[in-house]
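Below, chain A is the first sequence line, B the second, and so on; all start at residue 1.
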Amino acid sequence: MTVLANEQVIDGKGWRSGATVEKRKLTQWFLRITDYADALIDGLKTLDRWPEKVRTMQENWIGRSKGLKFTFKFDGEAPDGHAAGLDVYTTRPDTLFGASFVGIAPEHPLAEQLAVENPEVQAFIAECRRGGTSEADIEGAEKLGRDTGLRVVHPLDPTRILPVWIANFILMDYGTGAIFACPAHDQRDLDFARKYDLPVLPVVLPPGEDPAAFTIGKEAYVGPGLIYNSQALDGLDIEAAKTETVSRIEALGQGEGATVYRLRDWGVSRQRYWGCPIPVIHCEVCGPLPVPEDQLPVVLPDDVTFDPDKPGNPLVRHPTWKHTTCPGCGGKAERETDTLDTFVDSSWYFARFTDPTADAPIDKTAADHWMPVDQYIGGVEHAVLHLLYARFITRALKDEGLLSVEEPFAGLFTQGMVTHEAYKNAGGEWVEPADVVISVEGNSRSAIHATTGEPITIGDIEKMSKSKKNVVAPEDIFEAYGVDAARLFVMSDSPPERDVQWTNSGVEGSWRFTHRVWNEFDSQPAGPFTHDDADAAALVLRKGVHRLIGFVTDSIEGFRFNSGVARLYEFLNMLKAAPAEGASQGVLAARAEALEILARLISPFTPHLAEEAWARLGKAGMVVDAAWPKADPALAADDERVLPIQINGKRRGEIRVKAGLAEAQVEKIALADAAVMAHLEGLTVRKVIVVKDRIVNIVAN
RNA sequence: GGGGACAUGGCGGAAUGGUAGACGCGCCGGACUUAAAAUCCGUUGGAGCAAUCCGUGUGGGUUCGAGUCCCACUGUCCCUACCA
């Protein structure tokens with residue numbers, strides 16, 4: 001803990017709606033995830049079995065940017081405590097000569113210091129804070145600013161003096177909370193400059209523009225070009241000018257190239273009962289101390305009360321739990337009553353799971369054997385929180401010698417959600433699907449309420465949620481169709497990374513499939529039967545089922561369950577075409593073989609049916625314990641191919657040839673085909689492209 | 001504003017650069033039934049009697065061949081956001 005945590009004191013400033021939050025000293029515990037920012041970005045490259053999307057989201061979330069951190073010296077007397085100057089950060093050092101003012105965040109210490117002496121500044125800062133951080137209206141939010149009266153000196157041109165403004169669009173949390181503004185090449189700076197009539201000086205000339213004529217209107221120019229109006233930087237491209245500016249500032253000793261991250265340290269303190277206690281004891285004499293190891297884990301009390309009239313953490317109100325003795329001086333002390341963010345727990349549970357009975361939190365031998373997790377499956381909503389925290393904690397645990405891997409999850413699959421249409425009545429209230437009757441007329445659908453008959457509006461297809469009542473109770477589905485049919489439908493309807501639209505007619509299709517499958521098992525007489533590969537119908541069936549094994553196996557391993565299910569449907573149709581009734585010995589033998597394989601292939605999709613079918617075949621044990629079937633390569637192989645013949649890219653016929661037939665032979669057969677010859681009449685064959693076992697294309701004119 | 005993904009019949013969706021629409025749903029037709037439900041069989045991208053033609057959001061390009069690759073555009077969804 002001491003390795004990972006630091007301490008910050010928040011004194012109530014920065015809280016919104018301060019009226020409801022009691023002003024008090026809080027000890028907030030943070031985990032220093034920012035120490036791992038580089039490692040977490042660089043490690044993404046090794047996660048080749050993660051979706052590109054999630055890796056991009058994490059990279060953006062960490063938000064590494066390279067730039068320049070430097071100091072503006074004040075012109076004239078510096079404010080108290082700011083003799084060194086004002087630190088700013090930029091990713092566009094190349095535009096330094098386009099600077100027309102310096103901006104600081106309303107929460108910047110300098111701004112707050114000025115507010116103490118100046119009521120107008122104080123009022124302005126208060127106004128900024130009021131003007132919602134409420135995300136939605138940030139888009140159109142008006143730029144607000146106030147000149148502080150302070151002036152700073154341009155570091156590369158001491159003759160230029162820039163005003164310092166407090167501006168509401170500058171974030172205290174990012175960089176240094178202060179910027180230099182270059183309105184010509186930054187839209188926010190431009191909006192601000194236009195409003196307060198500040199200079200706009202372009203320093204990047206777009207290709208093909210005349211330097212004498214180029215001006216900035218309402219849009220900042222952020223594209224490529226050559227630097228001008230910038231003294232020694234003139235003529236350089238943007239990248240070269242960045243490098244040059246950084247080295248000039250560094251030579252002056254006024255700053256240096258710096259990497260800044262959007263990622264913040266992870267505040268893990270929660271004022272809640274439900275979470276692991278933060279193992280710290282506060283002593284008035286010794287300060288905060290970690291709970292000694294032999295007293296771990298700190299266990300939550302069982303007898304807390306949740307009083308709706310007293311919001312907040314019940315641990316604070318518990319009569320005895322927090323009182324303890326200081327591990328340092330032995331005096332009276334209090335336990336930390338904050339608990340850990342539950343994301344802390346989900347950041348290492350997988351390591352614990354490798355030996356859940358071990359005395360230590362993680363048994364390293366077991367963890368070394370099982371970690372990393374081969375395949376992790378979850379919703380994409382965890383892309384930047386859980387999945388980033390788990391990567392961070394895993395690296396931290398490795399650095400502590402508790403794990404050997406850096407990355408917890410070798411493979412990641414993000415599955416979709418089950419969705420359903422949402423319905424509203426005339427009064428605008430949400431209505432459950434169970435209460436809605438849909439009628440279809442041609443291509444249009446309409447809905448009425450099942451009991452009242454009032455018209456219902458059919459809304460969008462959305463993720464099932466209680467608030468919109470677009471949920472179908474699983475119990476009702478299981479009752480009507482059984483769990484197997486429900487499971488099969490969810491797996492067969494859409495690829496698993498995509499959302500599944502729940503439809504009753506869809507699940508009925510799956511339900512029918514389970515019945516048809518059972519009919520095939522039920523109608524099969526007891527054996528034994530003798531294989532007869534001379535029996536054409538029997539051979540077709542045997543080839544079919546041995547090819548099916550490969551299809552289904554591949555579809556499961558490749559997360560293409562819907563395609564696998566489609567192949568099972570296909571094969572069932574083949575099986576139905578060779579019914580047991582009146583079948584030959586050969587067909588009965590082939591059917592018996594097919595059913596035995598089929599029971600195992602359907603077990604991941606319809607496990608209960610598979611067990612029932614397995615028992616019906618008289619097999620011992622459970623199908624779930626049976627080995628996955630292996631295809632006989634001789635039977636699975638395709639010995640004949642139907643090749644389409646294209647003429648100038650259009651399909652004009654097909655030929656049936658042996659698999660693997662030499663190209664010259666195929667060409668000969670193709671050119672001799674009657675349909676092909678008819679189409680070639682009057683044309684000269686220029687070229688014949690034969691793709692072995694796939695297609696023939698004849699180029700002719 | 002930034003980033004990403006996607007776009008295929010009435011619907012969900014198939015398709016290592018090689019027969020577009022597998023499989024399912026729905027619709028339509030038929031069998032069974034006194035009738036209905038269930039079940040079974042069959043048809044089903046569009047136009048056309050047919051040969052055939054046209055078809056994967058729009059416009060270009062690469063290729064013998066493009067749903068698939070490249071460029072531009074349009075639309076939808078997701079993430080993120082005054083991040084300097």
Nucleic acid footprint by protein, nucleotides 50-57 of chain B - heavy-atom cut-off 4.0 Å, B for base, S for sugar-phosphate alone: ---SS---
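- Between the C1' atom of B/rC23 and the NZ atom of A/Lys576 lies a distance of 15 Å, rounded to the nearest Å.
- Between B/rG4, B/rA84, B/rG18, one nucleotide has an atom nearer to the side chain of A/Thr90 than all others, and that is B/rA84.
- Look at A/Asn573 and you'll find a side-chain N or O under 4.0 angstrom from OP1 or OP2 of B/rG24.
- Residues meeting the ring-ring contact (aromatic ring centres under 6.0 Å, His included) test with A/Tyr569, sequence neighbours left out: A/Phe513.
- For A/Phe192 and A/Phe101, the ring centers are positioned less than 6.0 Å apart.
- For A/Thr91, counting side-chain heavy atoms from C-beta on, the closest listed nucleotide (B/rC82, B/rA15, B/rA84) is B/rA84.
- Between the P atom of B/rG12 and the CG atom of A/Asn562 lies a distance of 14 Å, rounded to the nearest Å.
- A salt bridge between A/Lys69 and A/Asp87 is absent, with no side-chain N of the basic residue lying under 4.0 Å from a carboxylate O of the acidic one.
- With ring centers used as reference points, A/Trp165 lies under 6.0 Å from A/Tyr196.
- Closest approach to the A/Ser505 side chain among B/rG26, B/rU80, B/rA20 is made by B/rG26 (side chain taken as heavy atoms from C-beta onward).
- Between A/Leu171 atom CG and B/rU80 atom P the separation is 16 Å, expressed in whole Å.
- Ranking B/rC82, B/rC64, B/rU19 by closeness to the A/Lys687 side chain, first place goes to B/rC64.
- Evaluation of atom-type donor-acceptor distances gives a pair under 3.5 Å for the side chain of A/Arg694 against the base of B/rU16.
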Watson-Crick and G-U pairing of RNA chain B written in dot-bracket, each distance under 3.5 angstrom, with | for inter-strand partners: (((((((..(((.....[....)))(.((((.......)))).)(((....)))..(((((..]....))))))))))))....
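- Residue A/Ile695 places its side chain closer to B/rU19 than to any other of B/rC64, B/rU19, B/rC23.
- As judged by a 4.0 angstrom heavy-atom cut-off over every strand, A/Arg188 is placed among the base-contacting residues.
- We find that CG of A/Asn697 is positioned 10 Å from P of B/rC64, with the value rounded to whole Å.
- A donor N or O paired with an acceptor N or O is not found under 3.5 Å between the base of B/rC79 and the side-chain atoms of A/Lys53.
- Residue-level contact check: A/Arg516 touches the backbone only, with heavy atoms under 4.0 Å from sugar-phosphate atoms and none from bases.
- The nucleotide whose nearest atom lies closest to any side-chain atom of A/Lys143 is, among B/rA22, B/rC82, B/rA84, B/rC82.
- A/Arg567 places its CZ atom 9 Å from the P atom of B/rC23, with the value rounded to the nearest Å.
- The listed nucleotides are B/rC64, B/rU39, B/rA15; the one nearest the side chain of A/Arg512 is B/rU39.
- Note: CD (A/Glu508) to P (B/rA38) measures 8 Å, nearest angstrom.
- Taking atom CZ of residue A/Arg498 and atom P of nucleotide B/rG24, one finds them 19 Å apart after rounding to whole Å.
- Residue A/Glu497 contributes atom CD, which lies 16 Å from atom P of B/rG12 at whole-angstrom precision.
- Looking at the side chain of A/Asn60, the nearest of the listed nucleotides B/rC83, B/rC79, B/rG3 is B/rG3.
- Nucleic acid contact class of A/Leu643 (heavy atoms, under 4.0 Å, all strands): none.
- Nearest to the side-chain atoms of A/Val699 among the listed nucleotides B/rC82, B/rU19, B/rC64 stands B/rC64.
- For A/Thr56 and B/rG3, the shortest distance from a side-chain N or O to OP1 or OP2 is not below 4.0 Å.
- Of the listed nucleotides (B/rA84, B/rU19, B/rA22), B/rA22 has the atom at the smallest distance from the side chain of A/Glu570.
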